[in-house]
Amino acid sequence: MKILVAVKRVVDFNVKVRVKSDGTGIDIGNVKMSMNPFDEIAVEAAVSLKEAGIASEVIAVSCGPAQAQEILRTALAIGADRAILVESQEELQPLAVAKLLHALVKQEAPTLIIVGKQAIDDDSNQTGQMLAALGNMPQATFASTLAITGNEAIVTREVDGGLETIAISLPAVVTTDLRLNTPRYVTLPNIMKAKKKPLELSSPALLGVDVAPRLNTLRVSEPASRTAGIKVPDVATLVARLKNDAKVI
Ligand code: AMP
């Protein structure tokens, strides 16, 4: 069983991002970039299935600039067997990425595709769902457990009301939630080994995908800063303020 895992290069979760002064986006010049945390979980899940003898090959895919090779090398160091970079300098929106992944799914015919539930830069939470729709495949989003039995994936999903367990037939798309696993630390010997693993270059043109943006960002701005809170002496004052000033009760 082949597993395809999607990994995105995003601004590191520790970085406090700044909005560009002209309001056209986020300033990512000179900031630390890393693998999207949900995608580390996705790679860990795929590699664990390989170590358990359930998967035979794990392929990591990233769509983005040449620098995304770094996170593909990380995926290889975690334990992926080979990597594909779909190189593009364009802004790739979720639909474009889903189409690129769909083209690779047709090429590689994986039994399972694991992606993160969301990329922490744009927080779209769309790519896995769009990929499943394009490929007419079942999907199990927000997975907190994943088991493969025969031709099915048994997935516990984190939903608003608690947990839901579903069985979906393979091939399918699974998106990872935080509780699925704790990604391993990448060891130096594995980083060295990863340098020798195959990393193939592709492009939207080679895959025949039009990646032109379908959404136009009008303006990006900082959230309004919060005004200072106040202390009230007792509950009666609190209730009065909520009623008369805040008008929320
Ligand atoms: P999003 O829909 O943008 O929140 O992203 C959800 C997931 O789709 C991410 O966690 C990744 O697994 C995958 N993904 C999104 N963009 C890319 C990309 N440029 N390259 C590879 N995978 C991506």
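Worth knowing before you read on, the calculation uses all heavy atoms, side chains too, and leaves out hydrogens, waters and symmetry mates. This chain uses plain numbering: 1 for the first residue, then up along the sequence. Ligands are counted one by one from 1 in listed order, and the atoms in each one are counted from 1 as well.
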| request: Give the numbers and elements of all ligand 1 atoms closer than 4.0 Å to a heavy atom of Val7. | output: 20 (N), 21 (C), 22 (N)
| said: Please report the interatomic distance OG1(Thr74) to CD1(Ile191), rounded to the nearest 0.5 Å. | reply: 7.5 Å
| Pair Asn181, Glu44: side-chain N/O donor-acceptor within cut-off below 3.5 Å | no
| atom 15 (C) of ligand 1 - nearest protein heavy atom and its distance | Thr127 OG1, 3.7 Å
Pair up each side-chain donor or acceptor in residues 161-175 with any protein partner under 3.5 Å, not counting sequence neighbours, and list the distances.
residue: Glu164; atom: OE1; partner: Arg157; partner atom: NH1; Å: 2.7
residue: Thr165; atom: OG1; partner: Thr156; partner atom: OG1; Å: 3.4
residue: Thr175; atom: OG1; partner: Phe142; partner atom: N; Å: 2.9

| Heavy-atom nearest option to atom 4 (O) of ligand 1, drawn from Ala119, Ser88, Gly128, Cys63 | Ala119
| message | As an exercise, identify every atom of ligand 1 less than 4.0 angstrom from a heavy atom of Asn36. | response | 9 (C), 10 (O)
| field | Protein heavy-atom partner closest to atom 16 (N) of ligand 1 - residue, atom, separation in Å | value | Lys8 CD, 3.3 Å
| request: For atom 22 (N) of ligand 1, find the nearest protein heavy atom and state the residue, atom name and distance (0.1 Å precision). | output: Ala6 CB, 3.5 Å
| task | Counting heavy atoms only, name the option from Asp39, Val43, Val5 that's nearest to atom 11 (C) of ligand 1. | result | Asp39
| Among Asp122, Val211, Leu72, whose heavy atom sits nearest atom 3 (O) of ligand 1? | Asp122
| field | side-chain contact (heavy atoms from CB on, under 4.5 Å) assessment of Ser62 paired with Ile71 | value | CA-CA 8 Å; Ser62 192; Ile71 61 148; 3.8 Å; yes
| said: Counting C-beta onward and ignoring hydrogens, is there a side-chain heavy-atom pair between Val220 and Lys20 closer than 4.5 Å? | reply: no
| Got the closest protein heavy atom to atom 17 (C) of ligand 1, with its distance? | Val97 CG1, 3.5 Å
| said: Show the atoms of ligand 1 that are less than 4.0 angstrom away from any heavy atom in Asn125. | reply: 1 (P), 2 (O), 4 (O)
| request: Taking only heavy atoms of Ser62 into account, list the atoms of ligand 1 that are under 4.0 Å away from them. | output: 20 (N), 21 (C)
| task | State, without any angle test, whether Gln67 and Gln69 hold a side-chain donor-acceptor pair at a distance under 3.5 Å. | result | no
| field | For atom 7 (C) of ligand 1, closest protein heavy-atom neighbour | value | Gly116 O, 3.3 Å
| request: Any atoms of ligand 1 less than 4.0 Å from a non-hydrogen atom of Val115? List them with their elements. | output: 12 (O)
| Partners meeting side-chain hydrogen bond (donor to acceptor under 3.5 Å, both in side chains) with Gln129 (sequence neighbours left out) | Asn125
